[in-house]
Structure formats: structure tokens, C-alpha cells
Amino acid sequence: MYLGKVIFSCLAMTLTMTSQVMVSAQDSSTVNPHYAALLNNSMWFYEAQRSGKLPSNNRVSWRHDSGLDDGKDNGVDLTGGYYDAGDYLKFTLPLAHSLSLISWGGIEWYDSYKKADQTGNLQSTIKWGTDWLLKAHPNSNTLYVQVGSGDVDNNYWGPDTGIPTPRPSYAINNTATGTDVAAMTAAALASASYLFGNLGNDTNYANTLSTAAQSVFALAETQPFQVYTNSVPAADNLYQTNNYTSQLVYSALWLYKATGNTTYRDKASQYYDQFNLASVPVSPMDWSDPSGAVHVLGAEVDNSNTKYADAAKKWLDTMTNPSAANAPCVFTNGGMLWCDGYSDSNSMVPLQDTSLLALLYSRLDPSQSSQYTDFAEKQIQYMLGDNYMLTPYVCGIHANSPHNPHHAGASGGTDISNIDTSPPEELHLLYGAIVGGPNKDDIFYDERNDWSQTEVALDYNAPFQGLIAYQISANAADPPYVTITSPRPNVSRSHGLAGWLIAVIVIVILFILAGLGYYAWLKRKALKQRLAGNKEYAVPA
Ligand SMILES: *[C@@H]1O[C@H](CO)[C@@H](O)[C@H](O)[C@H]1NC(C)=O
Ligand SMILES: *[C@@H]1O[C@H](CO)[C@@H](O)[C@H](O)[C@H]1NC(C)=O
Ligand SMILES: *[C@@H]1O[C@H](CO)[C@@H](O)[C@H](O)[C@H]1NC(C)=O
Ligand SMILES: *[C@@H]1O[C@H](CO)[C@@H](O)[C@H](O)[C@H]1NC(C)=O
Ligand SMILES: *[C@@H]1O[C@H](CO)[C@@H](O)[C@H](O)[C@H]1NC(C)=O
């Protein structure tokens, strides 16, 4: 196995090197068309995830109006919003997390969206989500957190025209509290409010979002503090967090940035100290825990102290340096950031979330910035094709892109027991969707049924938007996939390695053995000759 892996790696590296990496010079006034297309496609993916009554300009021809009775069971309108992944469930927590990251990247690199002519798409992508969050908070004591039942939905594989019912809706309220989800929702609304009010073109909408953000933050602060799955067990094992502490601080920081009201800055600082967030063990940032984001955002918005910046540096240095004390991540042979327990089911997520925070922090601390930008740029290169599989982990942009995202609607299949083979070819290209990604050996099988590698989800594309906007702002060279002409190395699950590769390995091993044998024979012959004083054949064998 080990030898096979090394030989495989060498072959892949040779392929990478022979596919000539050409760098096209970029004029700073123009936009690299590949990155513009990636931004555009990523937001096309969000359009493919839209629920509710679709507008006539929805770009995804195979999507229909759907989920039109959502909320009826509780007499509220919960139509609209986004389906979470390749299924038809709607969750508030990962949506809010995703919206806050899209807004953050949009705020920092708004000029990139302008250059790429994508500010309209950016605002409509965010608004489709925040409009739904506004509906999900119909009064000050209520926040809807889930639509659809995991059990019902997980037994369905098919198009949006046959979504199974019932689709129950679940809420937290001021007695059955959900601190984590309410806080994350406030963060999403506040970050979007900042974007619409300060960069976009809709201050009325910004005010609406800000008012709702403050209202749902008050709900988050309602005692008892607890994770929302205590109140809504339906979300157990689907989107369950471990704690609510980092979410509370994250939302207070966003509210301070959006409103300028120092009450929120002070609340953030007080919760940060009360929950000891500066010294919790470093772990990856994702929808379940925004601790890493808290340090970086705190360093950005509250410069009245250095505690956030110190923690941000420690977080980044621990995350990006496997030899740091208690480092939770390593680099694979191919150079991908790999965090055990996080990367296993979606390796592109810790890679992207960490890279995004590294880039955001690099803007605040010019003395450290190249260390963090170098890290992030390498990870982006990996993600966009500089890897053993010669694969950009973005659907629909290259022949080697993933062909089998785990997405019922895009697949065209209806047979849940034959997801991989029915139909053999994905019916619709899911442009711009980021898939889970390769395994720790940098191997990607591209199997529709393997959700750990081919799942797509709202939170996979959220950091991607910021990473690509950064690439545009940095005038980055063409993404690696642009010059990849070799097909993806053929790997199959049954053998781990393709038949031809095994044949190559066997031949190589035979050559090595033959070489060793010949070497030993020469040695022995020389020895014989010396011992025999050049009288060949005199020494008995
Ligand atoms: C964005 O995508 C649409 C259709 O999907 C296409 O018509 C448009 O040209 C794209 N724009 C850019 C900048 O790639
Ligand atoms: C903001 O811009 C978008 C896209 O250019 C446009 O559709 C929208 O109507 C504008 N909104 C306002 C309030 O001007
Ligand atoms: C709050 O939610 C709980 C759990 O869903 C529910 O039992 C309770 O009736 C709700 N309270 C109010 C005031 O709606
Ligand atoms: C700031 O926010 C707090 C908490 O919501 C509120 O009580 C206070 O009136 C706000 N201050 C200003 C100046 O708006
Ligand atoms: C959540 O954090 C609080 C404050 O640090 C701590 O007291 C509590 O034990 C934590 N809860 C869990 C489930 O880890």
C-alpha cells in the first residue's frame, strides 16, 4: 500500500509538472475572466438551492417553485430561503453561518465584485437568504430553525417536483431557548445589514435587517442559555452545535460593526472574557463553532484592546502549523490542510474556512501578512487543481471537475437505492458547487453516493466567495485548472488504485528486484575473482 502510494504520487507529480503552468500577466484594471466566472458560478449554485416561488430571472432552468406550503403547519409563511444541501431540508443555523461569511467576504473585497460585475448577484444571493430569516423571526419571541423532517426527507431522492410531505416547521422561543441559532441569525442579519447599508444600494433594507438583528439578538440573550437542539430535538445529529458561547460573541461583534452602538462592543468583550474564549483549545472554524472567526472579527472591529488580535494570531499559527503545540491539523502529502475529525467528511471546508480567516486577518496585521497569505494562496491553488487528482473541486468548470455531486435534483435520479448508477451520467451540471473533496491520501473517487466526498452544501460555497474575491483583488494568476489538459488519474474504490497503476507498480518492483539481483551477482562475481586471485572459476560455487 505504502509503496503504491509513493509511486502513485510520483506519477501524479510528473503529470502536474508536464502540464506547463503558464502565468498570464494581469492588468490591475481588468478582471481575470476565470475568477469572474467562478464568482458567477458560485452564485449560480446558490440559485440552484433556492426554495419557494422562484423569480423569472432564476438562472437554473431545471428548478421549479417548491416548498410553497412551508410554515403552514404553524400558520406562518416560511416559503423561500435555501435548501441546505443535495436534499430539501431548510436549516437556519448553517444558512445564517453561510450568509455571515458571504457578507464578510463581500464587505472586505467588494471592489472585486464590482470589477467582475457581480455586485447585483452578490446582493440577490444574500437577500434570498436574509428575506427568509426575516420570515423565520415573525415576532420578537420566536425563531424558526428548521423546515422538513430528516426522516422523511432522507428517504427521498428525486426532483423538486416531488418533495415529500409532511414538512413540519420547528421554532425556538423565549422559553424553549436556542442561544446558538438565535445568535448566529443575528450575526447573519447584522453582517448583511452592513453590506447593504455601506456598500450596496439599499439602505432601507439595511435598516430592516439591523432592526431584526437586534431583536433576534435579544432572543439569543434570553435565559437559559443553551444549544437549540435542547429545544428542537428534530435537529439532533443534523445541525447540532457543542456550545453557544462563540456564537453570542460573534453576533455582538457584528451588531457593533453594523450599528456602531458600543453596547454591543462591550457585550462582546464581556462574553468573550466570561466564556474564556481566548484560551479555549484551538479547533477549526465551521458552522458549529465560529471561535476562530470571533478572534479575527474582534481584532477587526474592536481595537480598544489586543486580546482578539493575540488570540487570532495564536489561532492561525496553531491551525496552519502542524508542529505548533496542540495543532489540530496536518498537511497531506499533496499539501492540503487536513484536520482530523473535521476534514474526513468534507476536506474542502476546513481548508477554505481557515484560508478565509487567514486572508481576513492578514489585512489587519501587515507585519505578519505574507505568512498568512502564502498559506491561503497555496490552499486555493490546491483546491483549484494543483493536486494529485488534477481536479478543481468546483463543479462545471473543467473536464476534470467533479461529475457526480451528491445532489438529488442535479443528478436526475429517482431511485434512492441506486444513487450512483441511476442515471450513470449526472443529468444537470451543478455549476460552481464545491464538493466535499478528497481524502487524506489526496484521492477523490467522484461517486455520487459518497456524501463525504461529493456532498455539496450552502456552507461549502460561503468561504469560496471570499477566497475568489481575494484572488481578484490580488490580481492572482490564472487558476491552475486552466492549463490542465491531462485527464484526472483513474482511481477506483475496489482496488484503491487502477488496474494499470497496479501493473506499473508490479513491473517497477520486478525491475527493482532484478536490479538488486544483478547487483548482488556482480558483487559476488567480483568477490570470487578477488578471492581466486583472478583465477576465474577456481572457487567452488
Ligand atoms: C454569469 O453566468 C451567466 C449565465 O449562467 C452568463 O450569462 C454570464 O455571462 C456570466 N457572467 C460572467 C461574468 O461570467
Ligand atoms: C440595487 O441594484 C440592483 C442590481 O443592480 C437592482 O436590481 C435593485 O433594484 C437596486 N435596488 C435599489 C433599492 O436601488
Ligand atoms: C416554545 O416552544 C416549545 C417547544 O417547541 C413549546 O412547547 C412552547 O409551547 C413554546 N412556547 C410558546 C410561548 O410558544
Ligand atoms: C444600543 O443598544 C442597546 C441594546 O439594544 C440599546 O438599549 C441602546 O438604546 C442602544 N443605544 C443607542 C444609542 O441606540
Ligand atoms: C459551554 O460553555 C460554558 C462557558 O464556558 C461552559 O460552562 C459549559 O460547560 C459549556 N457547555 C458545553 C456543553 O460544553
Side-chain angles (χ1 to χ4, degrees), residues 71 73-76 78 91-93 136-149 166 168-187 189-190 193-194 197 206-283 286 288-292 294-295 301-302 307 311 341:
D73 58 328
N74 281 303
V76 285
L78 295 175
F91 293 99
T92 301
L93 185 85
H137 183 49
N139 60 62
S140 59
N141 288 333
T142 308
L143 176 69
Y144 282 87
V145 298
Q146 180 178 337
V147 178
S149 140
S169 51
Y170 304 90
I172 58 138
N173 57 42
N174 58 339
T175 53
T177 56
T179 317
D180 47 356
V181 69
M184 192 49 91
T185 302
L189 294 168
S193 168
Y194 184 94
N207 291 337
T208 303
L209 294 174
S210 173
T211 303
Q214 297 181 63
S215 166
V216 78
F217 181 77
L219 182 57
E221 279 195 299
T222 304
Q223 297 282 351
F225 286 173
Q226 60 179 349
V227 297
Y228 79 107
T229 41
N230 286 357
S231 299
V232 179
D236 273 348
N237 303 320
L238 291 168
Y239 278 103
Q240 187 172 8
T241 73
N242 292 323
N243 216 328
Y244 49 80
T245 52
S246 53
Q247 289 87 351
L248 264 182
V249 182
Y250 188 56
S251 58
L253 289 168
W254 272 118
L255 276 166
Y256 172 53
K257 186 173 166 93
T259 65
N261 182 336
T262 52
T263 302
Y264 295 115
R265 181 196 64 191
D266 298 344
K267 277 179 186 289
S269 181
Q270 178 228 313
Y271 285 135
Y272 190 76
D273 294 344
Q274 181 187 330
F275 301 138
N276 230 344
L277 286 188
S279 46
V280 297
V282 168
S283 63
D286 65 8
S288 71
D289 180 6
S291 293
V294 162
H295 308 313
V301 305
D302 181 359
K307 67 184 174 190

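Every number for a ligand or one of its atoms is a count from 1 in the order of the listing. Throughout, numbering of the chain's residues begins at 1 and tracks the sequence. Computed from a predicted structure; not experimentally measured.
No more than 12 heavy atoms of other residues, nucleotides or ligands sit less than 6.0 Å from atom CG of N242.
Between the side chains of Y264 and Q214, at least one donor-acceptor pair of N or O atoms lies under 3.5 Å. Looking only at atom types and distance, the side chain of T179 has no donor-acceptor partner in the side chain of Q226 under 3.5 Å away.
With hydrogens and angles ignored, the 3.5 Å screen pairs a side-chain donor or acceptor of N139 with a backbone N or O of N141. A side-chain donor-acceptor contact under 3.5 Å links T92 to the backbone of Y144. No donor-acceptor pair under 3.5 Å is formed between the side chain of T142 and the backbone N or O of P138. The backbone N or O of I172 sits nowhere less than 3.5 Å from a side-chain atom of S231 that would complete a donor-acceptor pair. When atom types are taken as modelled, the side chain of N173 and the backbone of A176 share a donor-acceptor pair closer than 3.5 angstrom.
With salt bridges taken as basic N to acidic carboxylate O contacts below 4.0 Å, none links D302 and K307.
When each atom of ligand 5 is checked for a heavy atom of T245 under 4.0 Å away, the hits are 2 (O), 4 (C). Of all atoms in ligand 3, numbered sequentially from 1 with element shown, those under 4.0 Å from a heavy atom of A176 are 1 (C), 2 (O), 3 (C), 4 (C).
Here V227 has no heavy atoms under 4.0 Å from ligand 5, in either its backbone or its side chain. If you look at T175 next to ligand 3, the close heavy atoms, those under 4.0 Å, all belong to the side chain.
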So what's ligand 4 close to, N/O to N/O, under 3.5 Å?
{"residue": "ligand 4", "atom": "2 (O)", "partner": "N261", "partner atom": "ND2", "Å": "2.3"}
{"residue": "ligand 4", "atom": "5 (O)", "partner": "Y264", "partner atom": "OH", "Å": "2.9"}
{"residue": "ligand 4", "atom": "11 (N)", "partner": "N261", "partner atom": "ND2", "Å": "2.8"}

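Every heavy atom of N276 sits 4.0 Å or more from the atoms of ligand 5.
The N/O atoms of Y244, backbone and side chain alike, include none that comes under 3.5 Å of an N/O atom in ligand 5. For ligand 3, one of its N or O atoms has an N or O atom of N173 under 3.5 Å away.
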